[in-house]
Amino acid sequence: MGRIRSYDLLEEFKGDETFVVETDEGTKSLSVGAIKAHITTAVEEKADMLNQNDIEVASDTDSEYSLTITVGAKTVTTPNLKGRSIKSIDVVAGHLMIYFVDETSIDLGVIDGSVPIYGVCRDIPSHSPELKRTGDAVDLIAEVGKGEIDEKIRNDFDSIYPWSEIKRCTLADDGTVTSYRGDPDYTENGSKGQVMVEIPKFYLAHYFDESGAKEYWSISKEKINNKYRLPKPFIAKDGTELDKIYIAAFKTTNEASGMLDSRGGDFYSGTFTYANAIEFAKARGKNWHHFDLAELTDVIYPLFIIEFATLNSQSVFYGNCVYSKYPSEDNVYICENHCWGDWTDETESIVDNGFYFCADNVNCEYFVGQEINIKTTEEYATGELDYKDGDNSVATRKIVDIEVVHTDEDGNEYCYLIFDGDPVLLDAETATFSLNMDRNGITNSVLESASSGSLKAVEGNCEFVYRGIENLYGEYTWVAGAFAKDAKYYVTDNFDAYGTVLTDDYKALSYDAIGKSGYITKFGYDNDMSWALLPTEGGGSSETDFCDNFANRGVSTLRSIRFGGGTALSCGLFSFYCNMTTTNSSSYCARLSYRSYQ
């Protein structure tokens, strides 16, 4: 008589408590006790790998044959196995797998007690944007660099998957990684491809409790149970899983090449119509597309929310949130007393690393770490980012110190600003300076000491970088794959459908858009398209719920969607605007993405 492991196979069995297994001698019946013991042994053999010794297998034979397998605190239950021809049972990557003779299998999910789960919980009735850490995220700390970083930043997520594996790279047009940040040949000038941020796949659980009062987000490296799923961007058009996706590190420059790009250095981000942003992204080649709704709400949202345990994104990074982010050029005074009109010092020019200005006469607050452009002559435009054009040359420098040197009787402050790099020729009559806004790579200094951070510690003109993605929500940015029309949302993740027309590829979400502008209190949840999150209720504030703004005209004309912002403390990661047609505005930014979708 055949044997499987140490259990006898019985030729005949009476009643329902029978199983069938395949042996070298053919198909045989196996007793309930034997198959139960067989599965128990299969699991126990993996006990050391599972870091668990508390293993129990129970059976249900009343109407069908199912097994309940408990490993430590985790329990999985098989479907009805009666009459199935079992070939083998094994634990693979922490998953309990049952393989059948007909080449099918059942994945019962993770039973590995060592697989961590990182999550947060939102108490909806409280309207608080602050979230409670759950699972293995309890007591974790996620700090970001703010201002000049002169101390160790603690971010526990730097060593936790998937955050630990999010990194900058350069990507060829065929999707091949050509280098990673830190490699000797890594460069961000575009010569090795587009500068992207590589994000590895993870499993996400996003759900509400039965009362609807609690909202949960959890991330794990493995599919823990049926609540967990791959975020939509990690699923290709044919259903296969993608190990990685890529989001542009930088906003697209204003180069007139007809293709979106992502490069840093002496390049500045530009603005586009929605139609051009979508088409210029496709022009780069197969699988290139504009940053879309699925990548924003099904990948970036959970990563950000769980890492920082807050829905108040501007409590982490302010972004460019003041109206005076583009100040006019300000005069440079080469002598202190020139600031208040005393020209007894007849010095006409100096070559120096500093100048004077009146802080109350400028349109913006300057801070240490900020880049400025200084008008000079070609001889002194010696830096890598400097612009040479005779007497109209511009030197780009970083502020390293600002000190108040005088306060007049009206309370006006006069400051001395010191900048780094080579000295610059400053002319008393013609010298000016201005903020160096929108330069791609302006936050790279942050990445030398922190995984994320901003150039400034307080609100204002505050460029930032989140795990390699620069100014993610610091500017209004188009979102592909979503439209608003007649107070309804329509979404798709099919790249081919990204454009200016509402095709059959777009499906209406089960919830309505907010009817008027205001602060967001709730995002809708569609069970069939759980990856698409868009605002459905308003009436909040800048300090409650999602803390961000929404605008919708609710008209029958098709409206494109943008997110983020740049002029208020209501324009963070969760803000959405559905008030522009696909062609009537060229004032918003574009961001490139890539994934092997087809």
Peer 1: Using a cut-off of 6.0 Å, state whether more than 12 heavy atoms not belonging to Asp238 lie near its atom CG.
Peer 2: yes
Peer 1: Heavy atoms only: give me the nearest Ala236-Ser596 pair and the separation to one decimal.
Peer 2: CB-O, 3.8 Å
Peer 1: Inspect the surroundings of CD in Gln598 and state if more than 12 heavy atoms from other residues, nucleotides or ligands are less than 6.0 Å away.
Peer 2: yes
Peer 1: Please say whether more than 12 non-hydrogen atoms of neighbouring residues, nucleotides or ligands are located less than 6.0 Å from NZ in Lys167.
Peer 2: yes
Peer 1: Can you give me the closest heavy-atom contact between Arg591 and Ile247, atom names plus distance?
Peer 2: CD-CG2, 4.1 Å
Peer 1: Is the ring pair Phe495/His289 parallel, tilted or perpendicular, if the boundaries are 30 and 60 degrees?
Peer 2: parallel
Peer 1: Under the criterion ring-ring contact (aromatic ring centres under 6.0 Å, His included), which of Phe523, Tyr525, Tyr216 is the partner of His206?
Peer 2: Tyr525
Peer 1: Determine, for Lys507 against Asp493, whether the closest basic-nitrogen to carboxylate-oxygen distance falls under 4.0 angstrom.
Peer 2: no
Peer 1: Tyr473 vs Phe317 aromatic rings, parallel, tilted or perpendicular, using cut-offs 30° and 60°?
Peer 2: tilted
Peer 1: Where does the angle between the aromatic ring planes of Phe576 and Phe563 fall among parallel (under 30°), tilted (30 to 60°) and perpendicular (over 60°)?
Peer 2: tilted
Peer 1: Indicate yes or no: does Asp496 engage Lys237 in a salt bridge with an N to O separation below 4.0 Å.
Peer 2: yes
Peer 1: Is there a donor in the side chain of Asn155 and an acceptor in the side chain of Glu307, or the other way round, less than 3.5 Å apart?
Peer 2: yes
Peer 1: Looking only at heavy atoms, what is the nearest atom pair of Pro535 and Tyr489, with distance?
Peer 2: O-OH, 2.6 Å
Peer 1: Can you name the nearest heavy-atom pair linking Tyr511 to Leu534, along with the distance?
Peer 2: OH-N, 3.1 Å
Peer 1: Can you confirm whether the side chains of Asn312 and Thr310 place a donor and an acceptor under 3.5 Å from each other?
Peer 2: no
Peer 1: What are the two closest non-hydrogen atoms of Val177 and Cys169, and how far apart are they?
Peer 2: CG1-CB, 4.0 Å
Peer 1: Would you call Asp486-Arg559 a salt bridge at under 4.0 Å N-O?
Peer 2: no
Peer 1: Quick one: does NZ or CZ of Lys201 land under 6.0 Å from the six-membered ring centre of Phe234, within 45 degrees of the ring axis?
Peer 2: no
Peer 1: Closest approach of Pro129 and Asp545, non-hydrogen atoms and distance?
Peer 2: CB-O, 3.1 Å
Peer 1: Counting only heavy atoms not in Lys146, do more than 12 sit closer than 6.0 Å to its NZ atom?
Peer 2: yes
Peer 1: If we ignore angles and hydrogens, is there a donor and acceptor under 3.5 Å between the side chains of Thr443 and Glu470?
Peer 2: yes
Peer 1: Heavy-atom count check: over 12 atoms from other residues, nucleotides or ligands less than 6.0 Å from Lys516 NZ?
Peer 2: no
Peer 1: With a 4.0 Å cut-off on N to O distance, would you call Arg284 and Asp173 a salt bridge?
Peer 2: yes
Peer 1: For the residue pair Ser179 / Thr170, report whether a side-chain donor-acceptor contact shorter than 3.5 Å exists.
Peer 2: yes
